[in-house]
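For reference, the structure is listed below as structure tokens.
Every number for a ligand or one of its atoms is a count from 1 in the order of the listing.
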Amino acid sequence: MEEAVSRNFIEQIIEEDIKEGHCKAVRTRFPPEPNGYLHIGHAKSILLNYGLAEKYNGKFNMRFDDTNPTKERVEFVESIKEDIRWLGADWEDRLFFASDYFGQMYEAAVKLIRKGKAYVSDLDAEQIREYRGTLTEPGKEDPNCKRSVEENLQLFEDMKNGKYEDGALVLRARIDMASPNINMRDPILYRVAHMEHHNTGDAWCIYPMYDFAHPIEDAIEGITHSICTLEFEDHRPLYDWVVREVGYERPPKQIEFAKLYLTNVVTGKRYIKKLVEDGIVDGWDDPRLVSIAALRRRGFTPESIQRFVELCGVSKANSSVDYAMLEYCIREDLKLKRPRMMAVLDPIKLVIDNYPEGEVEYLEAANNLENEGLGTRKIPFCRELYIEREDFMEEPPKKYFRLFPGNEVRLMHAYFVKCESFVKDGNGKVVEVHVTYDPETKAGSGFTGRKVKGTIHWVPAPFAEECEVRLYENLVDEEKGVYNKEDGSLNLNPNSLTVLKGCVAEPALAEAKAYDSYQFVRQGFFCADAKDSGPGRLVFNRIVSLKSSYKLPT
Ligand code: ATP
Ligand code: MG
């Protein structure tokens, strides 16, 4: 039988290039600008580029596109490296900085001037915009475009040597002011900017523009397939022009794919930055965000994100993916991998009246019934336990199978207990439930005498680990949509964070270290918070609840 192999359109292009002999060894790169933290959309680009290099036995480069010193910071360089490593994309020793190529970019510009393909212009920003024309009108020639090669060389050198103020002169490519593609109307290649750069310091006072720098960076590194997002499609003719005119023998090929968007989720770097700056979230790694650092802190795993990106596929059409798909991926990933523990988020006391006071027995419990490899643990069992407040009702509705006066339930991993009475405080709030247990019904004893319909979880009161639990909802109001139609601000959901104090967990959870995750039975998957949890103060983030009506798209 023939194996069903489906390739995305980028793989098809690469395979064609290999077959035709245009490409000997695939080389891809991820080129972030170090001006913010990476988010789930970047994860898609990283894993796509890394995955293609892996698949075709090629190489993957990590390159910081740090050609614009205004917005870039070293803090971001470090966070980006950490995030990419965590995702599992390994650049080995191929870590590059575009700013290391400033010398070569300058030489490339000089070469273009010599060929009559670039000129220095003294039009200011306003005039350049005016001369550029519009989508329906062609542009006008820049009066500077006839300048001699010698004069251009001298002016460009003077620009480099600091003779001019910011904005006084620019270097422009000589292409075609009448081109239907505005990007080709003598685009700016270099500008004067007297600015300190995080890598090159004050060595340069002219900086290359993205559209000139990027193809050169790719060409220098021998990138074969330069993969970017759709908004650069109209820039491709310029990309091709640069590598051709500068004269690279094996020019890289630019291929565009659609950005990843999540429905009702804030992904834009600009918006995330504002939420951080306005103090609406607790930093770039607030677990409600979808920056990679935030997803990691929330408890997502690299495997879950890899799977998610795989399920999203690669396409040329913009679309938006349901956040529930990301939740599906983490649930699937953790289901068998993580122990299933008991924690009570809203505790009330359960007293077993016929259990001897002061006695403790240690019950053996499987860590994950579906994965024996995770072993077992011993849970102390005694007269006083905690159960969830909602697992008891004085007057139960129909089909309520948990505790109510006269009803019997199973305590998970333990015994059947029957509700005998309960105690209320002065406000009529139930504070204690009293039960009797049947020693015959111990879990694992093979008891078959009778059945009960409900099973509830519990935590032994004297051994309970107190903890804080944080529950999350969408950061934005799904009803209203992400962005306010009037002013473009975000429609925030006031209930995006719920902090539960005084939760209790079984004693094994005292060991939880940053990023450790667990299933809390009946409650969902939780992760020890990397910022706030530690010895003596346990804090868990809910990654995702257990159930969802979500179905994978077919
Ligand atoms: P943002 O739009 O969030 O500000 P950016 O595109 O400005 O991000 P860069 O650092 O320039 O951020 O991006 C690095 C790479 O990541 C680029 O190749 C870019 O195309 C890709 N990328 C950015 N956002 C997405 C996304 N939502 N989906 C897929 N790839 C993305
Ligand atoms: Mg960008």
Side-chain angles (χ1 to χ4, degrees), residues 8-10 27-53 60-73 75-81 83-84 87 89 91 96-99 198 209-211 213-215 217-218 221 223 225-236 239 252-277 284 289-295 305-306 308-321 323 325-326 482-483 490:
N8 66 46
F9 77 97
I10 300 181
R27 193 176 280 243
T28 59
R29 87 288 176 259
F30 178 66
E33 217 188 318
N35 63 354
Y37 281 65
L38 299 181
H39 54 63
I40 185 79
H42 296 114
K44 174 167 185 170
S45 176
I46 293 161
L47 294 171
L48 173 63
N49 280 291
Y50 177 69
L52 289 168
F60 166 77
N61 288 6
M62 171 71 225
R63 180 205 313 147
F64 284 99
D65 205 333
D66 57 349
T67 53
N68 179 4
T70 41
K71 294 181 292 177
E72 294 155 6
R73 295 225 309 267
E75 174 202 353
F76 296 133
V77 170
E78 291 312 314
S79 79
I80 289 172
K81 286 202 282 193
D83 290 347
I84 297 176
L87 274 176
W91 59 83
F96 303 107
F97 288 84
S99 54
H198 77 96
M209 304 302 285
Y210 179 88
D211 280 336
H214 202 82
E217 295 157 26
D218 285 341
E221 291 177 16
I223 299 303
H225 298 86
S226 173
I227 296 161
C228 63
T229 42
L230 234 40
E231 70 272 25
F232 291 101
E233 198 165 21
D234 290 345
H235 297 241
R236 191 182 343 125
Y239 184 102
K253 180 184 263 183
Q254 176 179 306
I255 306 171
E256 310 87 16
F257 73 101
K259 272 193 173 178
L260 169 65
Y261 294 101
L262 286 172
T263 313
N264 289 321
V265 173
V266 185
T267 42
K269 226 186 254 170
R270 189 160 64 91
Y271 284 98
I272 295 183
K273 197 165 180 212
K274 181 134 186 5
L275 288 167
V276 174
E277 283 168 358
W284 285 90
L289 297 172
V290 290
S291 63
I292 295 175
L295 291 168
I305 295 173
Q306 289 159 8
F308 172 71
V309 163
E310 220 172 86
L311 286 173
C312 288
V314 182
S315 124
K316 274 257 185 206
N318 274 319
S319 66
S320 184
V321 177
Y323 183 80
M325 188 156 110
L326 187 57
V482 180
Y483 307 106
L490 295 170

Flag yes if more than 12 heavy atoms outside Lys273 fall under 6.0 Å of its NZ atom; otherwise flag no. no
Taking 4.0 angstrom as the limit and counting only heavy atoms of Pro32, give me the atoms of ligand 1 inside it, by number and element. 10 (O), 14 (C)
Please report the C-alpha distance between Phe232 and Tyr210 in whole Å, then the side-chain angles of each, then the deciding distance to 0.1 Å, and finally whether the ring-ring contact (aromatic ring centres under 6.0 Å, His included) criterion is met. CA-CA 11 Å; Phe232 291 101; Tyr210 179 88; 5.3 Å; yes
Please work out whether any backbone atom (N, CA, C, O) or any side-chain heavy atom from C-beta onward of Phe30 is under 4.0 Å from ligand 1, and answer side chain, backbone, both or neither. side chain
Out of Lys259, His214, Arg270, Lys269, who is nearest to atom 6 (O) of ligand 1 when you count heavy atoms only? Lys259
Decide whether an N or O pair under 3.5 Å exists between Cys228 and ligand 1. no
Under 4.0 Å from a heavy atom of Thr229: give me the atoms of ligand 1 that qualify, with their elements. 19 (C), 20 (O), 29 (C), 30 (N), 31 (C)
So, applying side chain to side chain donor-acceptor pair (under 3.5 Å) with Ser99, which one of Asn68, Asp65, Thr67, Asp66 is it? Asp66
Does ligand 1 have any atom sitting under 4.0 Å from a heavy atom of His39? yes
Salt-bridge contact Arg29-Glu217 (side-chain N to carboxylate O under 4.0 Å): no
N/O to N/O below 3.5 Å, does that happen between Glu33 and ligand 1? yes
Should the pair Phe64 and Phe97 be assigned to parallel (<30°), tilted (30 to 60°) or perpendicular (>60°) ring geometry? parallel
Between His214 and Tyr239, how do the two ring planes meet: parallel, tilted or perpendicular, split at 30° and 60°? tilted
Determine, considering heavy atoms only, which of His42, Lys273, Glu256 sits nearest to atom 8 (O) of ligand 1. His42
Kindly identify the option in Ile46, Ile272, Leu230, Leu260 whose heavy atom sits closest to atom 27 (N) of ligand 1. Leu260
Take atom NZ in Lys81; do more than 12 heavy atoms of anything else shown fall under 6.0 Å from it? yes
